[in-house]
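These notes are about the structure you will find just below.
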There are 2 protein chains.
Amino acid sequence: MMIVMHNVLVSMMLIMNNVKSEDFGGGVMRYPAAETAEKHERILNEAARLFREHGFSGVSVSEIMKATGLTHGPFYNHFDSKEALMADSVLHGMQKTLDGLEGTEASAKGKAEYVRRYLSKAHMNAGGGECTMAALASEIRREPQVKGPFTLRLKAIVEAMASHFPWSSKRAARGDSIRALSAMVGALILARAVEDGPFAEEILNEVRKGLV
Amino acid sequence: MMIVMHNVLVSMMLIMNNVKSEDFGGGVMRYPAAETAEKHERILNEAARLFREHGFSGVSVSEIMKATGLTHGPFYNHFDSKEALMADSVLHGMQKTLDGLEGTEASAKGKAEYVRRYLSKAHMNAGGGECTMAALASEIRREPQVKGPFTLRLKAIVEAMASHFPWSSKRAARGDSIRALSAMVGALILARAVEDGPFAEEILNEVRKGLV
DNA sequence: TTTTATACATGATGATTGTCATGCATAACG
DNA sequence: CGTTATGCATGACAATCATCATGTATAAAA
């Protein structure tokens, strides 16, 4: 009885504390559509970054929202589910990779620079700034909703590499691109999993030597 | 008071129910050391398989123990933590890869067959039977305790590839091995993440053509 | 102007999970 | 042979998490 009364009192105190008007809506409004769209974009960016850094299961919805500057509440006003966000994040991240590729100088020099940058120590150590494929590909295979967007953009990336950079021949361009991409992604993944710094760099360097 | 007494009664009933002798030890014994060692090995095998198939965070300790034919209880009689099991599983799985490599015919033909098998549709679709590197490398980088064992065995695998198979020259053997391994792992990871069957096979085929 | 739909903060919920606690029969050890 | 340490099953616990519920002010629609 004592305990029950105590609980009731505590609940009442909590309720009273919560009814300060500034607790609702951040103090104001139904938010303007422009701001809402911007927040949506911010969620996507933070999610993509955090997923790359910690993996899909290493980041909670709350953490993503907090990184965006919101609470966990409005998440479902923006996305249907965590898995839907994962799919959009991958699409978003790989689109950026595609843009970066197409923004590179379309020459042998541009290609060599791109490879060097991809297989650099800096990229290896870039927490959330790295390539979506290297960060998440082995998890994507277990996420049905994500495989579609991933496939879509990977195809575009292969095509962009084949047509944008010079290769030994027109006919070999696509195959060469696939080989280069596989080696680059594989090397980055292995190098990042390795604890031994010099060995990790050896992996990056050897693969780079094979490509430039 | 009423509630407290009720709880005590429920507890007593539960205790009484638990005191059926068949509830303990599966019916018997302090288990013979030989059987215990065998169970330890089974846990390791099931864990390695399940981790490869579902990822580290996709499998619970209980599931692993159940797959081994035990309950979750004795897990901590066998391993210090889930993370310690992850480390041992990776060591175990990569040791098998190493053994398979060294058991392959030490010739150009043996090498070509190994590559073909690695980049086959069957290997791509092999749920838990696949290569530890392709299955878990991108998660290992986020698991401090696992990186050490992984590094150790990856070094051994690179050395085994370089010394076991014929390469263009003695001096190039190590670099060639690293390049081949990176391309194979990268190709398998990308192919598995892709939803489109023909595209996945194209990735495997192009990389294979580059290696044999 | 009136009505409606929505983005937000707070809080709740049910499920999952890594780890620990307990009691016991007996193999291993001295 | 007597003692002890161990591997097991059952159960409990605290934490974490994805998702849902609620109340609100107001932008947007009518």
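Keep in mind the model is a prediction, meaning the values are calculated, not measured. Below, chain A is the first sequence line, B the second, and so on; all start at residue 1.
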Quick check: any donor-acceptor pair below 3.5 Å linking the side-chain of B:His40 to the base of D:dG7? no
Do A:Arg208 and A:Asn205 have side-chain atoms, one donor and one acceptor, less than 3.5 Å apart? yes
To the nearest angstrom, the NZ-P distance between A:Lys39 and C:dA7 comes to 10 Å
What's the CG-P distance between A:Asn77 and D:dC20, to the nearest Å? 12 Å
Check: B:Arg141 side chain, A:Arg192 main-chain N or O, donor-acceptor pair, under 3.5 Å: no
Would you indicate what B:Thr71 reaches in the nucleic acid, counting non-hydrogen atoms under 4.0 angstrom: base, sugar-phosphate, or nothing? base
DNA chain D contacts made by residues 47-64 of chain B, counting heavy atoms under 4.0 Å: none
A:Glu38 atom CD is separated from C:dC8 atom P, nearest whole Å, by 11 Å
Between C:dT19 atom C1' and B:Leu85 atom CG, what is the distance in whole Å? 14 Å
Please report the distance, rounded to the nearest Å, between CG in B:Asp80 and P in C:dG18. 16 Å
Specify the separation, in whole Å, of atom CD of A:Glu83 and atom C1' of D:dT19. 14 Å
From the candidates C:dA7, D:dG7, C:dT19, the one with an atom nearest any side-chain atom of B:Lys82 is C:dT19
Identify the two heavy atoms, one from B:Leu204 and one from B:Ala191, that lie closest to each other, and give their separation to 0.1 Å. CD2-CB, 3.8 Å
Could you check which of C:dA7, C:dT19, C:dG11 has an atom nearest any side-chain atom of A:His72? C:dG11
Taking CZ from A:Phe79 and P from D:dC20, how many angstroms apart are they, rounded to a whole number? 16 Å
Across the strands shown, which category fits B:His78 at heavy-atom distances under 4.0 angstrom: base, sugar-phosphate, nothing? sugar-phosphate
Would you check if A:Val207 and A:Val115 make a side-chain contact, meaning some heavy-atom pair closer than 4.5 Å? no
Atom-pair distance (CZ on B:Phe75; P on C:dC20), nearest Å: 11 Å
Taking only the side-chain heavy atoms of B:Tyr76 (C-beta and beyond), determine which of C:dA7, C:dG18, C:dA12 contains the nearest atom. C:dG18
A:Asp80 side, atom CG; A:Asp88 side, atom CG - distance, nearest 0.5 Å: 9.0 Å
If you measure from CG on B:Asn77 to NZ on B:Lys39, what distance do you get to the nearest 0.5 Å? 10.5 Å
I need the full list of ring-ring contact (aromatic ring centres under 6.0 Å, His included) pairs touching residues 34-70 of chain B, with sequence neighbours left out, sorted by first then second residue. B:His40-B:His78, B:His40-B:Phe79, B:Phe51-B:Phe56
